[in-house]
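What's counted below: heavy atoms across the whole structure, side chains too, no hydrogens, waters or symmetry copies. Order of the sequence lines fixes the chain letters, A, B, ..., with proteins taken first and strands second; residue numbering starts at 1 for each chain.
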2 protein chains.
Amino acid sequence: MEGTPLGDGPTINTIAERAGVSIASVSRVLNGLPTRRETERKVLAAAEELGYVRNAVARSLKSRRTHQVAFAMADIGNPAYLAMLREIQPVLKAAGYRLVLHSTDAVVADEIDVLHSLGERYVDGLIMSPLRVTDAHLESLAAARTPVVVIGSVPEGTRADNVRADSRTGVRLAVDHLHALGRRRIAMVNGPLDTVPGAARGAAYREALEELGLPYDDDLVQIGDFYRAEGARAVAELLARVPDVDALMCANDLIALGALDVLRASGRRVPDDVAVVGMDDTDLAAASWPSLTSVSLGSAERGKAAAELLLQRLRGDDSAPRLVTVPPRLVVRASTAGNRADGPYDRKEGGV
Amino acid sequence: MEGTPLGDGPTINTIAERAGVSIASVSRVLNGLPTRRETERKVLAAAEELGYVRNAVARSLKSRRTHQVAFAMADIGNPAYLAMLREIQPVLKAAGYRLVLHSTDAVVADEIDVLHSLGERYVDGLIMSPLRVTDAHLESLAAARTPVVVIGSVPEGTRADNVRADSRTGVRLAVDHLHALGRRRIAMVNGPLDTVPGAARGAAYREALEELGLPYDDDLVQIGDFYRAEGARAVAELLARVPDVDALMCANDLIALGALDVLRASGRRVPDDVAVVGMDDTDLAAASWPSLTSVSLGSAERGKAAAELLLQRLRGDDSAPRLVTVPPRLVVRASTAGNRADGPYDRKEGGV
DNA sequence: TTGTATGCGTTATCAC
DNA sequence: GTGATAACGCATACAA
């Protein structure tokens, strides 16, 4: 195969000419429709010689299907979304769909843009995971002419499939676990309360304490942001205010890693002095030392479920919107149970 | 905005009818071409009422541009590729391109498929990062009618822009560092030698020792695979064979994490007894404890450079193929220098 | 079985 | 300035 000179590629017209048949015959052969042996031979030979490849755009215009699906994540830097992505990709690929990625940086306008752009029909469906769901989201969702699966919570009645985590139960699992270990001064290190996860996890913490009969203490709640450095700063403040805290319920793994840094720097042992729990069970939880007990909210499962739901819609299923809730799971590691197995090998991790 | 009944969306024909003008006028207005005030008003009103959105497929067929770019990574589970992705995405987005993701699982046939599928013209360009470059790659690359940027090494004369890491210098930096710390029994824990990185890093290790005047000792080289569990297994074997090793040069971060696990389990202190260096400087390196000294091969920079190179091509630049080499950088953390700053906050990490 | 002709939704080139 | 009309590349209903 010598270096093909750039320029316009061959079309079915080129082939038709070369093979001495009509474009209809070319199309038929290429689509496996019944044709005479000789015609088929000529067409395939011409196609081969010319290095013909079907133009996906023209084909989409005709068929009204692009074989593309979009995934809109709030933040491409967030390992939790990447975990979803890792599951979504192979499912779609196996079904013959390409994946178009959008990172909206949790900007509402960007998310609305993505929904609006569905009208451009460059994808057959969308999976989206918004950080918060506004009225604008719901309007655009209602107007969408393309199947959409939302990872996160949407109000009942929304015309979109919905895959949810259950962070309420998740926090409960964690707090119960800490309580069972004998911890009684369990603090909460949360992210901003105006985000969906922040609000949900904060409320769940309060509920969990209540059910355990533990008093709720404002001093034990520290708001920061969902990043490692912010988490560290928040925990430093917390320790200054409440030195005798014996457990930290962190609203995500990054915060928890920041917590480990600060606890270590302050000379506290984990978990002996302070037990730490994160959320999302990202790769980082298994990598840290001590390895981090974390509440898995099923990022991977949610991604997979969303992809499968969407595929069903793409196959023509137009039944009522579905709701899938993925149960949380507490993954106990060293940060709450020092002498238990670390379990760093229980997750698939990429190589090279 | 009431729930729009599903069905075919409006086209410029619908608008033309509604506005009482021709489709040509509609197109003009929509494209900002000079039109009478009144026409413009009618068209825009109709478009607004109908909730019109341009059909991207039809537009692409006509314009021969899809405003999509593909990124083909060897393994979506690998943090190093995700680091590239995180840089590529915003660059393309800012330039108005969508990102189509392919994970080829390092299967050569899949990679060739991706190259071949460029002929379908569903993307305007491609960034790919193959684990190895075969003749089949080069042939498909030569036949490509679309700009391609390869992250990795391609032979001179290949008609594709090329962004390279310099793992040779990278290994050298690491080995020099270990040597400077007084280590003399420096082992290499590598991945398979039939991969490009495996081969390059293995050779570089040998070279580095030579330049330092250290003897090369087969016993100090252990081949495993580029995963954490494999790395752990390899290091266990190594320790059994060479108990007095005082430094480990690991071919990537995952291997290094596995090494930390095993060293810890064997009662060795890091870095006091054994210093450990990883490669790729992934997020995991900063998260682990002790935090991991790692050679950054500039995954992020390479991704960014690749995206920018591709954008230049998409803007029409058809000059000779470019070669960009990103210099490696040693990021010293606790696994080789116990009392230095951990620096866990020097990298941007995702939140929530 | 095969060819002719039409449409998918846009953009662009003409005359008017 | 505006309206017919012809592509873009493919699939297909219909006629032959």
Side-chain angles (χ1 to χ4, degrees), chain A residues 7-47 50-68 117-124 145-146, chain B residues 7-44 46-47 50-68 96 117-124 145-146:
Chain A
D8 288 344
T11 72
I12 53 173
N13 286 287
T14 328
I15 297 182
E17 250 178 82
R18 175 92 154 223
V21 299
S22 74
I23 62 167
S25 288
V26 175
S27 179
R28 280 188 212 103
V29 171
L30 262 28
N31 289 315
L33 295 178
T35 37
R36 206 193 315 165
R37 261 294 204 296
E38 176 60 7
T39 311
E40 180 174 333
R41 198 192 54 68
K42 284 191 293 188
V43 168
L44 291 180
L50 294 168
Y52 173 77
V53 180
R54 271 215 263 304
N55 182 313
V57 176
R59 166 174 262 232
S60 292
L61 179 58
K62 188 73 186 146
S63 69
R64 295 158 158 281
R65 306 202 102 216
T66 61
H67 294 284
Q68 293 194 155
S117 74
L118 288 180
E120 295 179 8
R121 303 214 150 267
Y122 67 94
V123 286
D124 298 338
R145 301 174 195 287
T146 288
Chain B
D8 288 342
T11 71
I12 52 174
N13 286 286
T14 330
I15 297 182
E17 250 177 84
R18 175 91 154 225
V21 301
S22 74
I23 62 168
S25 287
V26 175
S27 178
R28 279 190 213 100
V29 171
L30 262 28
N31 290 315
L33 296 178
T35 38
R36 207 193 316 165
R37 263 292 205 293
E38 176 60 7
T39 314
E40 179 174 333
R41 198 192 53 68
K42 286 191 292 187
V43 168
L44 290 180
L50 294 167
Y52 172 78
V53 180
R54 272 219 247 330
N55 183 312
V57 177
R59 169 174 258 230
S60 291
L61 179 58
K62 191 66 187 154
S63 68
R64 295 159 160 282
R65 306 201 103 218
T66 61
H67 295 284
Q68 293 193 155
S117 74
L118 289 179
E120 296 179 8
R121 303 213 150 267
Y122 68 95
V123 286
D124 298 338
R145 301 176 193 285
T146 288

Margin query: Please determine whether side chain to side chain contact (heavy atoms under 4.5 Å, CB included) holds for the pair B:Arg145 and B:Arg121, giving the CA-CA distance in whole Å, both sets of side-chain angles, and the decisive distance to 0.1 Å.
Written below: CA-CA 9 Å; B:Arg145 301 176 193 285; B:Arg121 303 213 150 267; 3.3 Å; yes
Check: How close do B:Ala46 and B:Ile15 get, heavy atom to heavy atom, and via which atoms?
Finding: CB-CG2, 3.9 Å
Next item on the list: Compare every heavy atom of B:Tyr52 with every heavy atom of B:Ile12, then report the nearest pair and how far apart it is.
Entry: CG2-OH, 3.6 Å
Shorter than 3.5 Å, N or O on both sides, protein versus nucleotides 4-7 of chain D: list them out with atom names.
unit_1: D:dA7; atom_1: N3; unit_2: B:Lys62; atom_2: NZ; d: 2.8

Rounded distance (Å) that lies between atom [atom2] of [N] and atom [atom1] of [X]:
X	N	atom1	atom2	result
B:Ile15	D:dG3	CD1	P	14 Å
A:Ile12	C:dT2	CD1	P	15 Å
A:Asn13	C:dT4	CG	P	12 Å
B:Lys42	D:dT2	NZ	P	8 Å

Next item on the list: Check every strand shown and say whether B:Thr11 touches a base, only sugar-phosphate, or nothing at a heavy-atom separation below 4.0 Å.
Entry: sugar-phosphate
Margin query: For a quick check of understanding: with a heavy-atom distance under 4.0 Å over all strands, which category does A:Val26 fall into, base, sugar-phosphate or nothing?
Written below: nothing
Output all residues satisfying side-chain hydrogen bond (donor to acceptor under 3.5 Å, both in side chains) with [X], sequence neighbours left out; order by chain, then residue number.
X	answer
B:Ser27	B:Asn31
A:Thr66	A:Asp124
A:Arg64	B:Asp8
A:Gln68	A:Arg98, B:Gln68

Out of curiosity, [X] [atom1] to [Y] [atom2], how far, rounded to the nearest 0.5 Å?
X	Y	atom1	atom2	answer
B:Leu33	B:Glu40	CG	CD	10.5 Å
B:Arg59	B:His67	CZ	NE2	6.5 Å
B:Thr35	B:Leu30	OG1	CG	10.0 Å
B:Arg28	B:Arg36	CZ	CZ	11.5 Å

Examine [N]: is either OP1 or OP2 under 4.0 Å from a nitrogen or oxygen in the side chain of [X]? Give yes or no.
X	N	result
A:Arg64	C:dG9	yes
B:Tyr52	C:dT10	yes
A:Ser27	D:dC10	no

Item checked: Near-strand residues of residues 30-40 of chain B, defined as heavy-atom separation under 4.0 angstrom from DNA chain C -> B:Asn31
Item checked: Residues from residues 54-61 of chain A lying under 4.0 Å of DNA chain C - heavy atoms -> A:Leu61
Item checked: Which nucleotide in D:dT2, D:dC10, C:dG3 has an atom nearest any side-chain atom of A:Ser25 -> C:dG3
Next item on the list: Report the end-to-end axis angle of the helix from C:dT1-D:dA16 to C:dC16-D:dG1; each axis comes from five terminal pairs, and the value is rounded to 10°.
Entry: 50°
Next item on the list: For residues 12-21 of chain A, pull every pair meeting salt bridge (charged side-chain N to carboxylate O under 4.0 Å, His left out), keeping only residues two or more places apart or in separate chains.
Entry: A:Arg18-A:Glu49
Margin query: My understanding is that only residues two or more places apart in sequence, or in another chain, count here; which of them pass salt bridge (Lys or Arg N to Asp or Glu O under 4.0 Å) with A:Arg41?
Written below: A:Glu38
Check: Partners of A:Thr14 by side chain to side chain contact (heavy atoms under 4.5 Å, CB included), sequence neighbours excluded?
Finding: A:Pro10, A:Thr11, A:Leu50
